[in-house]
Amino acid sequence: MALRGWSHFAPDLLVTVSGDLTELADIARFRSVCTTWRDAGVDAAAAPPSQPPWLLLPSSPSPLFFNPSEDRLYRNIRLPVPAADAHRRRRRRRLSASPHGWILAVDPTDLAASLLHPFTGSVRPLPPLPAFFAETDDLAWDLSPHSIMASCGEVVLVCALDPLEDSWAPVPAMPDCNVSSINYAGGDFFVFEEDACRTTIVDSITLAVTAVIQPPPQVDLPTEARVVVAGEELFLLVKSKWMYVFTDDVDFSKAFCVNHRSTNPAWQELTSIGERALFVDPLHGFAVGTTAGFTNLESNTVYSVTTKEASRSSSVKYSVSAFNLQSRTSKKLACRLNELDTAQRGGAAASWIIPRVNEG
């Protein structure tokens, strides 16, 4: 029987195969074979299955993306450039990701800001950040469908996206706070102050404070802490100061959960989150279901990233820690990331992002 090319596979078979693909990268590879395969993968691209989180590594000269589920580094994803900057010499923007699929890019020279979507190539210009953002490397932020909220520590700012405002404005309900992270979920911004382990919930439309979640009485302050928002649940992960005496591994000594929509929210100590995994970085925290069959991802586990600077160079090493909530044990994820040395880029930390082909 004569050999036939890749384009001669039965269309029905190609549609069936593309519908079984679970990774966004695999869908892209499938559709890049030829026109026939691209047409067969239209439905798969329009409504792709849920994707495992990737890591944005702000390395120099170009950022890297790491997919733990595939154990693969992506070196050649070109980030879009705002039209206003197209004529300028290439700049080293400070990059930080949101799990909602967007990256905030800030030029350290003039604080020009923009939102970049690495998986669609879209760019949303923003007003420049105020001058006092240049005085610190701290930058907490997240975005809703209507606005973006940002803070460099002591003041919380917001900028409407549709239509785009021409400047940032302070949030009147939060004139004095020490913000460490901002998460958007379900119509609200969750503004977390790590030094007090306190979470303030702000309506994303009215910017009114709808609730203030005080820390559990069992938490000794100050401590290292992260928050995760998952539906009506708010998780608090803490690491006591005494743990640094014995180990510098990423770990958490206690975990708590509260229904943030309850009229009388009460923290409960946590040992299980079921068939879910939590992903945390200094900027955000979110939950992902593990029933989708993502490789290398375990249930009831917290995934975080550690950055270690080399003592005699400007390079850094990244590693992912998997902390089991039931056993309270931590292990370093065995992956190619452990073998990588990269040049650090402008003080930005590694951050999680969920790949998306829609911009909602």
Side-chain angles (χ1 to χ4, degrees), residues 54-65 77-144 146-162 164-171 174 177-184 189 191-192 281-284 305 307 314 316 318 342-354 359:
W54 290 16
L55 268 177
L56 167 64
L57 307 175
S59 57
S60 181
S62 299
L64 303 174
F65 290 87
I77 296 180
R78 296 179 61 88
L79 295 181
V81 177
D85 295 341
H87 65 285
R88 300 183 183 180
R89 183 173 57 86
R90 183 178 180 183
R91 294 185 174 187
R92 293 187 177 181
R93 298 167 291 179
R94 184 182 178 191
L95 307 172
S96 56
S98 163
H100 302 298
W102 290 89
I103 293 172
L104 177 62
V106 179
D107 190 322
T109 58
D110 57 9
L111 298 178
S114 56
L115 289 168
L116 316 176
H117 201 293
F119 307 104
T120 67
S122 292
V123 178
R124 302 172 83 173
L126 298 172
L129 289 165
F132 54 81
F133 273 75
E135 300 171 4
T136 176
D137 287 334
D138 296 331
L139 176 60
W141 76 280
D142 209 352
L143 77 162
S144 75
H146 315 285
S147 60
I148 177 172
M149 181 179 285
S151 175
C152 63
E154 297 181 358
V155 63
V156 181
L157 303 179
V158 69
C159 176
L161 295 175
D162 188 19
L164 179 66
E165 295 283 354
D166 57 7
S167 63
W168 296 82
V171 177
M174 301 195 68
C177 57
N178 188 17
V179 178
S180 56
S181 70
I182 298 173
N183 288 278
Y184 171 79
F189 286 109
V191 182
F192 182 61
D281 59 43
L283 300 177
H284 303 103
V305 59
T307 304
S314 59
V316 296
Y318 298 103
T342 64
Q344 195 168 23
R345 184 189 184 108
S351 48
W352 295 105
I353 185 172
I354 298 180
E359 299 172 8

Beyond-backbone contact of Val191 with Met174, side-chain heavy atoms, under 4.5 angstrom: yes

Heavy-atom side-chain contact between Tyr184 and Leu143 under 4.5 Å: no

Least distance between heavy atoms, Pro118 atom then Leu116 atom: CD-O, 3.5 Å

Minimum heavy-atom distance between Ala349 and Pro58, given as atom pair plus value: O-CG, 3.8 Å

Student check: side-chain heavy atoms of Leu161 and Ile148 closer than 4.5 Å: yes

Within-4.5 Å side-chain heavy-atom neighbours: Leu139 and Arg94: yes

Criterion side chain to side chain contact (heavy atoms under 4.5 Å, CB included) on Arg124 and Trp102, from CA distance to verdict: CA-CA 10 Å; Arg124 302 172 83 173; Trp102 290 89; 3.2 Å; yes

Exercise: identify the closest heavy-atom pair between Ala105 and Leu95: CB-CD2, 3.6 Å

Shortest non-hydrogen contact from Leu111 toward Ala134: CD1-N, 3.9 Å

Ser351 vs Leu55 side-chain heavy atoms within contact, under 4.5 Å: no

Side chains of Ile182 and Leu283 in contact at under 4.5 Å (non-hydrogen atoms): no

Polar side-chain atom of Asp162 near backbone of His146 as donor-acceptor pair, under 3.5 Å: no

Straight-line distance of Tyr318 OH to Leu57 CG, nearest 0.5 Å: 5.5 Å

Exercise: identify the closest heavy-atom pair between Ser98 and Ile353: O-CG1, 3.4 Å

is_close_aromatic(Phe119, Trp54), centroid dist under 6.0 Å: yes

Donor-acceptor side-chain pairing of Ser151 and Trp141 below 3.5 angstrom: no

Residue of the set Pro128, Cys152, Pro108 for which side-chain contact (heavy atoms from CB on, under 4.5 Å) holds with Phe133: Cys152

Distance in Å, Leu126 CG paired with Glu165 CD, rounded so as to fall on 0.5 Å steps: 12.0 Å

Exercise: identify the closest heavy-atom pair between Ala160 and Ser147: CA-CB, 4.0 Å

Check: Leu164 and Asp166 side chains under 4.5 Å, non-hydrogen atoms: no

Flag, side chain of His284 to backbone of Ala97, donor-acceptor distance under 3.5 Å: yes

Verdict with reasoning, Met149 to Leu157, per side chain to side chain contact (heavy atoms under 4.5 Å, CB included): CA-CA 6 Å; Met149 181 179 285; Leu157 303 179; over 6 Å; no

Heavy-atom side-chain proximity of Asn183 to Phe189 below 4.5 angstrom: no

Gap separating the CG atom of Leu104 from the OG atom of Ser114, nearest 0.5 angstrom: 7.5 Å

N/O donor-acceptor pair under 3.5 Å between Asp281 side chain and Trp352 backbone: yes

